[in-house]
S.K.: 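Attaching a single structure in structure tokens format; questions to follow.
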Amino acid sequence: MLPNLEELEVDRIHGRDDDARKKVKREVNVDMNPMVDLAFLLLTFFMLATTFSKPQAMEILVPAKAKDNAEVKETPVKESKTMSLVLKENEIVWYRGITEPETFEIDYRESALLEILAEANANTDGLVVLIKPLSSNEYEDLVLVLDVLSYSGVERYSLIEPSEFDLEMEE
Amino acid sequence: MAMLRNIKTKPKLDMNPMVDMAFLLVTFFMMTTTFRPELPEEVLIPPSSAEVKLPERNLATITITKNGMVFFGIDNKFDRRELLSMVGREMGVSFDESQLDTYSLTATSGVPMKKMGEFLNAKFAKVAFEQEGIPLRDDSELFYWIRNARAVNPSLRFAINADGKTKYPVIHDVFETLRELGVTRFNLVTEKTEEDVAKS
């Protein structure tokens, strides 16, 4: 323990010597300051080096790829039962069917997307949503679309390559 | 009597409770957190309302940074040694014991095989090695990593940990690589958010 200078000073003034002091029962003064420093250092280390337990995940299913020799077995889907979502960088362009459709634009964050999907799902039996991300699309927007899709009740969707018609939409 | 008190006595603060509190906080953090995998770049995962928990074991993680660098890693330390030797054999690169040891302690890595030896040697040395990501185009090494990882651990599940701002083409390549190997079911790591467009 570090000598308590004040007490030594006081003792000197009063003329007390070592022997007298040894007999007196002294309480131990532990200086806690370094201990606190240590504790906070450890704390800071753990705060910076770790992360709260595992972040959540979203499951995604993609169709299996056909082997080279096997024929590509594509289940034909009626045009009228499809709904395409072309994911551009800042917005989604959606349309029904394949040939010469009427296109609509909608922003990613708009809640209307869920309504549009739910409505389409309600009035079309066996709706298939085709998600076509363009190369300028950002991953988080794709995740958002998949997330909204999971709430809309749409049972069948697939991630496919954009068609020529879709590619024309890229700025 | 208070007036006669020696005004030279300095106030003494009792630090005991402060230490107790600090250790309580340390214990809390020690119990509830796991070490963050060290990555050359911070990956900001996109938000979603999905609540599926990532599996704790038998997990392979493919990490993608926003400029398209791809990293790969599996969770089991013991499997990693086997994985590295197998991929090395397939690509004509061999590793010595200490390199295998270093790899088994590496949670995730992203270097082309020809630079792997150098990377492993540098890992605990103070030299910072620039990881450039696993090649996807031309000779897709990711394909070999995934295939061998599944051979080492047949019940492996895949999680894609990509930055929200990554452009689609890289994601597409990773998806395609997985599809080619018959992996049709995997997880996208997202952050649970309260405020949600989907639910509004």
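In the text below, chain A, chain B and the rest are named by the order of the sequence lines, each starting its count at 1. All of these numbers come straight from a predicted model, not from anything done at the bench. Keep in mind that the numbers below use all heavy atoms, side chains included, and drop hydrogens, waters and symmetry copies.
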S.K.: Name the option with the most non-hydrogen atom pairs under 4.5 Å to chain A; the candidates are Leu188(B), Ile160(B), Val183(B).
M.R.: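 Most pairs with chain A among the choices: Leu188(B).
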S.K.: Flag yes if more than 12 heavy atoms outside Arg80(B) fall under 6.0 Å of its CZ atom; otherwise flag no.
M.R.: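 Yes, because the 6.0 Å sphere around CZ of Arg80(B) holds more than 12 heavy atoms from other groups.
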S.K.: Go through it in stages, so that I can follow the logic: the residues are Met47(A) and Phe29(B), the test is side-chain contact (heavy atoms from CB on, under 4.5 Å), and I'd like the CA-CA distance, side-chain angles, deciding distance and then a yes or no.
M.R.: CA-CA 7 Å; Met47(A) 270 188 352; Phe29(B) 275 103; 3.5 Å; yes
S.K.: Given that the side chain runs from C-beta out, which part of Ala159(B) has a heavy atom under 4.5 Å from chain A: side chain, backbone, both or neither?
M.R.: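 For Ala159(B), neither part sits under 4.5 Å from chain A.
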S.K.: Could you give the distance from CD (Glu59(A)) to CG (Asn187(B)), rounded to the nearest 0.5 Å?
M.R.: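 Rounded to the nearest 0.5 Å, the CD-CG separation comes out at 5.0 Å.
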S.K.: May I ask you to test the Met18(B)-Phe40(A) pair for a side-chain heavy-atom distance under 4.5 Å?
M.R.: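 Side-chain contact under 4.5 Å: yes.
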S.K.: Could you list the residues that satisfy salt bridge (Lys or Arg N to Asp or Glu O under 4.0 Å) with Glu82(B), not counting sequence neighbours?
M.R.: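 Scan of Glu82(B) (salt bridge (Lys or Arg N to Asp or Glu O under 4.0 Å), adjacent residues dropped) gives none.
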S.K.: Please determine whether residues Leu41(A) and Leu24(B) belong to a single hydrophobic cluster, defined as Ile, Leu, Val, Met, Phe, Trp and Tyr linked transitively by side-chain heavy-atom distances below 4.5 Å.
M.R.: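 No, because Leu41(A) and Leu24(B) fall into different hydrophobic clusters, even though each may have its own neighbours under 4.5 Å.
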S.K.: With a 4.5 angstrom heavy-atom cut-off, could you sort out which part of Leu159(A) is near chain B: side chain, backbone, both or neither?
M.R.: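 Interface part for Leu159(A): side chain.
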S.K.: Does any backbone or side-chain atom of Leu146(A) lie under 4.5 Å from a heavy atom of chain B? Answer side chain, backbone, both or neither.
M.R.: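 For Leu146(A), the side chain is the part near chain B, not the backbone.
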S.K.: Which answer fits Asp163(B), side chain, backbone, both or neither, if we ask what part of it has an atom under 4.5 Å from a heavy atom of chain A?
M.R.: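 Asp163(B) touches chain A through backbone heavy atoms alone.
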S.K.: What part of Ile64(B) gets within 4.5 angstrom of chain A, counting heavy atoms only: side chain, backbone, both, or neither?
M.R.: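 Neither part.
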S.K.: Given 3.5 Å as the limit, does a donor-acceptor pair link the side chain of Lys167(B) with the main chain of Ser136(A), or not?
M.R.: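 Yes; at least one donor-acceptor contact below 3.5 Å.
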S.K.: Between Met21(B), Arg185(B), Met30(B), Lys10(B), which residue shows the highest count of heavy-atom pairs closer than 4.5 Å to chain A?
M.R.: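 Answer, by heavy-atom pair count under 4.5 Å with chain A: Arg185(B).
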S.K.: Once you round to the nearest 0.5 Å, how far does NZ of Lys66(B) lie from CD of Glu140(A)?
M.R.: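 CD of Glu140(A) is found 11.0 Å from NZ of Lys66(B).
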S.K.: Roughly how far, to the nearest 0.5 Å, is the OH atom of Tyr139(A) from the CG atom of Leu44(B)?
M.R.: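 Rounded to the nearest 0.5 Å, the CG-OH separation comes out at 12.5 Å.
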S.K.: State the CG-OG1 distance between Leu144(A) and Thr190(B), to the nearest 0.5 angstrom.
M.R.: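 Rounded to the nearest 0.5 Å, the CG-OG1 separation comes to 11.0 Å.
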S.K.: Would you please test Asn33(A) and Met15(B) for side-chain contact (heavy atoms from CB on, under 4.5 Å) and show each step?
M.R.: CA-CA 7 Å; Asn33(A) 287 305; Met15(B) 281 298 211; 3.0 Å; yes
S.K.: Return the set of residues passing salt bridge (Lys or Arg N to Asp or Glu O under 4.0 Å) with Arg147(B) (not counting sequence neighbours), or none when no residue passes.
M.R.: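 For Arg147(B), the residues satisfying salt bridge (Lys or Arg N to Asp or Glu O under 4.0 Å) (neighbours in sequence not counted) are Glu90(B).
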S.K.: First locate atom CG of Asn16(B), then atom CE of Met35(A), and finally report the distance between them rounded to the nearest 0.5 Å.
M.R.: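 Nearest 0.5 Å value for the CG-CE distance: 8.5 Å.
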S.K.: Within residues 168-175 of chain B, which positions have a heavy-atom distance to chain A below 4.5 Å?
M.R.: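 Checking residues 168-175 of chain B against chain A gives Tyr168(B), Pro169(B), Ile171(B), His172(B), Phe175(B).
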S.K.: Report the residues that fulfil side chain to side chain donor-acceptor pair (under 3.5 Å) with Tyr103(B), sequence neighbours left out, ordered by chain and then residue number.
M.R.: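 Tyr103(B) satisfies side chain to side chain donor-acceptor pair (under 3.5 Å) with no residue once adjacent residues are dropped.
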S.K.: Does Phe28(B) share a hydrophobic cluster with Phe45(A), counting links as ILVMFWY side-chain heavy atoms below 4.5 Å and allowing steps through other members?
M.R.: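 Hydrophobic grouping puts Phe28(B) with Phe45(A).
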S.K.: Is Leu38(A) linked to Leu25(B) within one hydrophobic cluster, defined over Ile, Leu, Val, Met, Phe, Trp and Tyr using a side-chain heavy-atom separation of less than 4.5 Å?
M.R.: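 Shared cluster, no.
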S.K.: Mind ranking Val36(A), Ile60(A), Val143(A), Leu43(A) by heavy-atom pairs under 4.5 Å with chain B and telling me who comes out on top?
M.R.: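 It is Ile60(A).
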